[in-house]
Amino acid sequence: LERPRIDVSDEEISLQLDEFRKRRATRETITDRGVQDGDIVVVDITAEGESTGRSVMVVAGGSFPGLDEALTGLRVDEIKTVSLDSPADFSEAAFAGRTATVGLRVSSLSAPVLPALDDEFAKSLQTENVDDLKAKIREGVKEAKENLLRDVSVGKLLDVLLERSQVQVSDPMWENLASRRLNEVAQEQARAGKTLEAYAKENGMTVEEYADAWFGRAQLEVRRALLI
């Protein structure tokens with residue numbers, strides 16, 4: 001198998017620098033404008049006919065289309081009534097997976113403030129200066145790519161060997177593996193407050209399609225393991 005050249009672009013380094021800055025961001029309270037993408041919004045959502053709402057924190061532009069659109073331009077304490085079609089995995093269970101007429105009121109609005117990309121910031125990440133930070137990021141990204149390439153190359157090699165082999169796998173072996181992996185995913189999503197159905201939907205599949213994909217993957221993994 002031909003081994004491709006591994007490069008790390010300036011754009012990849014910039015993306016990683018931005019990620020580091022986002023992790024160290026502080027918040028600035030906003031009082032002179034409405035909601036914009038990227039803002040941190042605490043919004044009270046009150047169902048029609050109810051007097052008490054539920055408070056939800058979202059990142060504007062990162063929740064779901066109906067809510068993002070309704071919040072855009074809304075100022076603190078301003079109220080808007082909309083028909084909200086909430087996805088099944090919406091964090092507020094009372095509205096998840098249903099359409100309802102609700103009142104929205106922004107109770108808090110703030111924006112993230114990124115730290116300056118200077119030597120002081122670089123030193124906070126245990127590097128000497130910005131140039132040293134960029135060099136270490138380049139090394140880390142390159143190493144990650146090399147590891148990924150190695151895994152992909154091994155996978156391709158095993159696929160070639162499988163095509164030339166007569167490895168047979170009994171159904172219980174890969175079915176047990178797939179069931180165990182599906183159960184692990186379901187438990188992970190439950191800890192995050194999501195269902196397996198909602199997680200499958202996020203990946204563009206029904207839960208049945210997601211399970212079928214795992215069964216196919218498990219069969220391949222077992223065949224590769226037996227080949228080795």
So do the side chains of [X] and [Y] get within less than 4.5 Å of each other, counting heavy atoms only?
X: Leu74; Y: Thr72; result: no
X: Arg105; Y: Asp77; result: yes
X: Asn129; Y: Leu133; result: no
X: Val106; Y: Val35; result: yes
X: Thr29; Y: Leu109; result: no
X: Leu104; Y: Ile79; result: no

Cluster question for you: counting only ILVMFWY and a side-chain heavy-atom cut-off of under 4.5 Å, with indirect links fine, are [X] and [Y] together?
X: Ile30; Y: Val59; value: no
X: Leu71; Y: Val42; value: no
X: Ile45; Y: Phe64; value: yes
X: Val58; Y: Ile40; value: no

Can you name the nearest heavy-atom pair linking [X] to [Y], along with the distance?
X: Thr46; Y: Gly53; answer: OG1-CA, 3.2 Å
X: Ala60; Y: Val41; answer: CB-CG2, 4.2 Å
X: Arg75; Y: Thr31; answer: NH1-O, 4.1 Å
X: Ala47; Y: Val102; answer: CA-CG1, 4.1 Å
X: Gly73; Y: Glu78; answer: O-OE1, 4.1 Å
X: Ala70; Y: Lys80; answer: O-NZ, 2.9 Å

Got a list of side-chain donor-acceptor pairs under 3.5 Å for residues 83-98, not counting sequence neighbours?
{"from": "Asp85", "atom 1": "OD1", "to": "Thr99", "atom 2": "OG1", "distance (Å)": "3.1"}
{"from": "Arg98", "atom 1": "NE", "to": "Ala94", "atom 2": "O", "distance (Å)": "2.8"}
{"from": "Arg98", "atom 1": "NH2", "to": "Ala94", "atom 2": "O", "distance (Å)": "3.3"}

Task: With sequence neighbours excluded, residues passing ring pair (Phe, Tyr, Trp, His ring centres under 6.0 Å) with Phe121 - done: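 Once residues adjacent in sequence are excluded, Phe121 has no partner under the ring pair (Phe, Tyr, Trp, His ring centres under 6.0 Å) criterion.
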- [ ] Please check if atom CD in Glu69 has more than 12 non-hydrogen atoms from other residues, nucleotides or ligands closer than 6.0 Å.
- [x]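 Count not over threshold, so no.
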Task: Glu12 (side chain) donor-acceptor with Ser9 (main chain) under 3.5 angstrom - done: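 Flag set: sc Glu12 to bb Ser9 pair under 3.5 Å.
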Exercise answer: donor-acceptor pairs, residues 15-25 side-chain atoms, under 3.5 Å, sequence neighbours excluded:
{"from": "Arg21", "atom 1": "NE", "to": "Pro115", "atom 2": "O", "distance (Å)": "2.9"}
{"from": "Arg21", "atom 1": "NH2", "to": "Pro115", "atom 2": "O", "distance (Å)": "3.1"}
{"from": "Arg24", "atom 1": "NH1", "to": "Ser124", "atom 2": "OG", "distance (Å)": "3.1"}
{"from": "Arg24", "atom 1": "NH2", "to": "Ser124", "atom 2": "O", "distance (Å)": "3.4"}

Task: Carboxylate-amine/guanidinium proximity below 4.0 Å for Lys123 and Asp118 - done: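 Salt bridge flag = no for Asp118 with Lys123.
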Open item on the list: Less than 4.0 angstrom from a charged side-chain N to a carboxylate O is my criterion; do Asp10 and Arg138 meet it?
Closed with: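 The answer is yes: the pair qualifies as a salt bridge.
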